[in-house]
Amino acid sequence: MSHAEDALKNRQVWTKANAEYTDRRARDAWADEEIEWGMYSGPEAGLDALGALEGKDVIELGCGTAYFGAWLAKRGARVVGIDITPAQLETARRLQEETGLNLEFIEASAEDVPLSDASFDLAISEYGASIWCDPELWIAEASRLLRPGGRLVFLCNSTLSVLCSPDEGKVEERLMRSQADLGRIEWPGENEGVNYHLTHGEWIRVLRANGLAVEALHERLAPDDAEDHGYYDFMPADWARRWVAEEVWVATKAL
Ligand SMILES: C[S@@+](CC[C@H](N)C(=O)[O-])C[C@H]1O[C@@H](n2cnc3c(N)ncnc32)[C@H](O)[C@@H]1O
């Protein structure tokens with residue numbers, strides 16, 4: 001499959017997810033006063049992955065309904081969100097009007113962003129390009145879009161959780177796939193899309209190849225009181241309390 005075909009398939013997945021879940025959840029998510037990471041809402045406070053936000057130019061690659069971008073805009077960042085799914089952007093635009101927050105949205109692929117080089121201080125992806133796009137393409141775009149000294153921060157499923165994921169159903173407590181099969185993963189089933197999941201070594205290689213130095217890899221465990229997620233039910237809270245389910249990567253572009 002070509003990248004364009006994968007993007008088309010992933011847009012169908014997200015159009016359906018928007019109708020089933022993300023549109024319904026978006027208003028509450030925009031209203032949240034905290035910045036939180038991932039399925040089990042780990043607070044940014046204490047992690048400090050994003051750094052100072054006031055006055056920063058931020059691009060979110062795969063912005064979805066843009067609750068994450070909204071949290072950054074509330075802290076004084078100028079946020080541009082890129083997404084390929086019109087339904088997701090419609091929700092984002094509606095909430096922008098409702099809240100009066102000032103974000104900009106562009107329908108485009110994070111693998112080929114129609115914006116100038118070196119225009120942002122911070123590039124982020126919260127389960128957007130970070131799992132739905134080819135890292136060889138979107139990391140190159142993130143690096144191109146960042147100013148020297150700029151920061152890239154992204155959240156993705158942990159490598160371990162993907163290795164323990166069967167093709168269908170919940171994450172298991174044993175290895176379910178070969179490390180050699182990581183990279184592009186096309187999940188079977190009509191409602192599933194195409195993801196990219198790398199080993200840590202491959203992430204470091206692709207980041208470094210694009211002039212980005214790794215500053216931190218935050219390995220997230222779910223908190224003790226975490227409950228199973230109502231929609232993303234492939235990852236039981238009990239698993240995520242014991243093993244790292246999600247990773248926040250932080251990298252900077254050389255000055
Ligand atoms: C989990 S959502 C992101 C949630 C987002 N952080 C938010 O605050 O709402 C993943 C998004 O990635 C988008 N996406 C998938 N492939 C993409 C691509 N090639 N370029 C840009 N966005 C893409 C989907 O359309 C979907 O809206």
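Throughout, numbering of the chain's residues begins at 1 and tracks the sequence. Source: prediction; values computed, not measured. Atoms within a ligand are numbered from 1 in the order they appear, just like the ligands themselves.
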**OP:** Just need the protein heavy atom nearest to atom 2 (S) of ligand 1, so name the residue and atom and give the distance.
**Re:** Trp14 CH2, 3.6 Å

**OP:** With atom 3 (C) of ligand 1 as the reference point, say which of Ala108, Gly62, Ala4 has the nearest heavy atom.
**Re:** Gly62

Original post:
Hey, which atoms in ligand 1 end up nearer than 4.0 Å to a heavy atom of Cys133?
Top reply: 17 (C), 18 (C), 19 (N), 20 (N)

Subject >> ligand 1 contacted by Glu60 (non-hydrogen, < 4.0 Å) >> reply: yes

Original post:
Under 4.0 Å from ligand 1, counting heavy atoms only, is it the side chain of Ala92, its backbone, both or neither?
Top reply: neither

Original post:
Does Glu111 reach ligand 1 with a nitrogen or oxygen that is under 3.5 Å from one of the ligand's nitrogen or oxygen atoms?
Top reply: no

Original post:
In terms of side-chain geometry, is the basic nitrogen of Glu172 or Arg177 positioned less than 4.0 Å from the acidic oxygen of its partner?
Top reply: no

Original post:
Do Arg241's NZ or CZ and the ring of Tyr40 fall within the cation-pi criteria of under 6.0 Å and 45°?
Top reply: no

Original post:
Hey, mind stepping through Phe68 and Trp37 against ring-ring contact (aromatic ring centres under 6.0 Å, His included) and telling me if it holds?
Top reply: CA-CA 9 Å; Phe68 205 94; Trp37 288 105; 4.8 Å; yes

Original post:
How are the rings of Phe234 and Tyr232 set relative to one another: parallel (under 30°), tilted (30 to 60°) or perpendicular (over 60°)?
Top reply: perpendicular

Subject >> Salt-bridge present (Glu97, Arg94; N to O < 4.0 Å) >> reply: no

**OP:** Considering the heavy atoms of Gln88, write down every atom of ligand 1 situated less than 4.0 Å from one of them.
**Re:** 26 (C), 27 (O)

**OP:** Report the distance from atom NE2 of His200 to atom CD of Glu247, rounding to the nearest 0.5 Å.
**Re:** 3.5 Å

**OP:** Identify which of Ala29, Pro86, Ala110 has a heavy atom lying nearest to atom 20 (N) of ligand 1.
**Re:** Ala110

Original post:
When you check the gap from the basic side-chain N to the acidic O, do Arg93 and Glu90 get nearer than 4.0 Å?
Top reply: no

**OP:** Could you tell me whether Arg208 atom CZ has more than 12 heavy atoms of other residues or ligands within 6.0 Å of it?
**Re:** no

Original post:
With respect to Asn18, which candidate in Asp23, Thr65, Thr91 satisfies the side chain to side chain donor-acceptor pair (under 3.5 Å) definition?
Top reply: Thr91

**OP:** Provide the number and element of each atom of ligand 1 under 4.0 Å from a heavy atom of Cys63.
**Re:** 5 (C), 7 (C), 8 (O), 9 (O)

Original post:
Quick one: nearest non-hydrogen protein atom to atom 15 (C) of ligand 1, plus distance?
Top reply: Trp132 CB, 3.4 Å

**OP:** Look at atom 17 (C) of ligand 1 and find which of Ile84, Asn10, Thr15, Val113 reaches it with the closest heavy atom.
**Re:** Ile84

Original post:
With only distance considered, is Phe68 within less than 3.5 Å of ligand 1 through an N or O on each side?
Top reply: yes

Original post:
Is Glu173 paired with Arg242 through a side-chain N to carboxylate O contact shorter than 4.0 Å?
Top reply: yes

**OP:** Using salt bridge (charged side-chain N to carboxylate O under 4.0 Å, His left out) as the criterion, point out the one residue from Arg78, Arg151, Arg147 that pairs with Asp121.
**Re:** Arg147

Original post:
Hey, is Ala129 touching ligand 1 through its side chain, its backbone, both or neither, going by heavy atoms under 4.0 Å?
Top reply: neither

Subject >> Proximity of Glu126 to ligand 1 by residue part, where a heavy atom lies under 4.0 Å >> reply: both

Subject >> Shortest heavy-atom approach to atom 27 (O) of ligand 1 - which of Thr85, Val13, Asp83, Thr22 >> reply: Asp83

Subject >> Subset of ligand 1 atoms that lie under 4.0 Å from at least one heavy atom of Thr65 >> reply: 9 (O)

Subject >> For atom 10 (C) of ligand 1, the protein heavy atom that lies nearest, with its residue and separation >> reply: Tyr127 O, 3.2 Å

Subject >> Side chain, backbone, both or neither: the part of Tyr67 lying under 4.0 Å from ligand 1 by heavy atom >> reply: both

**OP:** Could you list the atoms of ligand 1 found under 4.0 angstrom from a heavy atom of Gly64?
**Re:** 9 (O), 27 (O)

Original post:
Is there a heavy atom in Ala7 that sits closer than 4.0 Å to ligand 1?
Top reply: no

**OP:** Look at the rings of Tyr21 and Tyr231 and say which category their plane angle falls in: under 30° parallel, 30 to 60° tilted, over 60° perpendicular.
**Re:** parallel

Original post:
Gly128 heavy atoms, cut-off 4.0 Å: which ligand 1 atoms fall inside?
Top reply: 10 (C), 12 (O)

**OP:** Check the angle between the aromatic planes of Trp203 and Trp249 and answer parallel, tilted or perpendicular using the 30° and 60° thresholds.
**Re:** tilted

